[in-house]
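Accompanying notes for the structure given below.
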Amino acid sequence: MTTNLQGKTGVISGGTSGIGLATAKILLEKGARVIIVGRDRVKGQEAATYLGSQAAFVQADLSMVRECQKAAGAILKVTDKSTPQTRPVQRQLDFLVNCAGTYEEERPEQITEEAYERVLNNNLKSTIFLTKELLPSLAKEAAIVNVASDAGISGNYGCSLYSAAKGAVVAFTRSLALDLAPYIRVNCVCPGDVDTPLVAKQLAAGSYTKEEMAAVYPLGRIATPEEIARVIAFVLSPENSFMTGAIIPIDGGLTAK
Ligand SMILES: NC(=O)c1ccc[n+]([C@@H]2O[C@H](COP(=O)([O-])OP(=O)(O)OC[C@H]3O[C@@H](n4cnc5c(N)ncnc54)[C@H](OP(=O)(O)O)[C@@H]3O)[C@@H](O)[C@H]2O)c1
């Protein structure tokens, strides 16, 4: 099925790296304009340059509500300049991908309040408050995709904080889908391990190899960022008009076990 996003404009938090960057690239190829958000200004500007003239970067640390507010303001300034005058000023965004997030591992007895703040704020608070701040700017038939994880569906070792954050993203998605129906569709993708800088960091810090990580997957490997991005692009697209509140595993069969 072709996924046409010609003329659509939207936001990808975490669009400066990994899954978010791959998603930005695919959405641009399908005709969309994208605004990517991340913390690191240099990385963000490099990503926007790589993506080309239909992409813009907004710098913000979305773990803080005031930064979500600031980001929403900056996003509207970008869209004000680039949106055709025929679109109402208040409803310029057609999609939002909440992909910003960080991963870390710890044993339950090692959990600290600081780790709780980091993991929950980067993964959950960013999703909730960027969505809240952008809601008035979303078009009537806009679509939202939240990026959770297989860890938000089933348990795994050493990542109970991360699981709690992603499980909450899953639950947030379902309720938000009800609140925003019948107009805005809200869905959630749950990737297994994906070959991104996040996983490179995880492997560098952990006691297991990429081969050991891959061995638990029925498909015998971890995903590429593009494999997740292609699903996100389809879930967002107008062709996917009857899906809302769905939690979609993209995990090589991991959670089918
Ligand atoms: N890779 C995997 O195996 C995997 C599996 C399941 C789910 N996920 C989820 O998929 C999402 C993307 O992961 P990835 O693997 O693509 O990671 P990545 O390459 O490390 O990219 C993470 C992105 O999120 C941004 N980010 C993180 N915290 C932020 C904050 N507080 N405010 C604004 N931006 C923030 C980063 O920007 P800066 O670098 O500028 O901070 C970066 O653009 C995450 O939510 C992750 O939990 C990943």
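In each ligand, atom 1 is the first atom listed, and ligand 1 is the first ligand listed. Computed over heavy atoms, backbone and side chain alike; hydrogens, waters and symmetry mates excluded. None of these values were measured; they are calculated from a predicted model.
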Check your understanding: Side chains of Thr16 and Asp40: is there a donor and an acceptor less than 3.5 Å apart?
Key -> no

Revision key, fill the gap. Side chain to side chain donor-acceptor pair (under 3.5 Å) pairs touching residues 150-159, sequence neighbours excluded, are none

Exercise for review: Identify, with sequence neighbours excluded, every residue that meets side-chain hydrogen bond (donor to acceptor under 3.5 Å, both in side chains) alongside Glu141.
Suggested key: none

Exercise for review: Report yes or no: does Glu133 contribute a side-chain atom to a donor-acceptor pair with the main-chain N or O of Leu130 at less than 3.5 Å?
Suggested key: no

Study note, to complete from the structure: Close residues (non-hydrogen atom under 4.0 angstrom from ligand 1) work out to Gly14, Thr16, Ser17, Gly18, Ile19, Gly38, Arg39, Asp40, Lys43, Ala60, Asp61, Leu62, Ser63, Cys99, Ala100, Gly101, Thr102, Asn122, Asn123, Val147, Ala148, Ser149, Tyr162, Lys166, Pro191, Gly192, Asp193, Val194, Thr196, Pro197, Leu198, Val199

Point to revise | Arg107: partners by salt bridge (charged side-chain N to carboxylate O under 4.0 Å, His left out), with sequence neighbours left out | key: Glu109

Check your understanding: Taking Lys257 for the side chain and Tyr217 for the main chain, is one N or O donor matched with an acceptor at less than 3.5 Å?
Key -> no

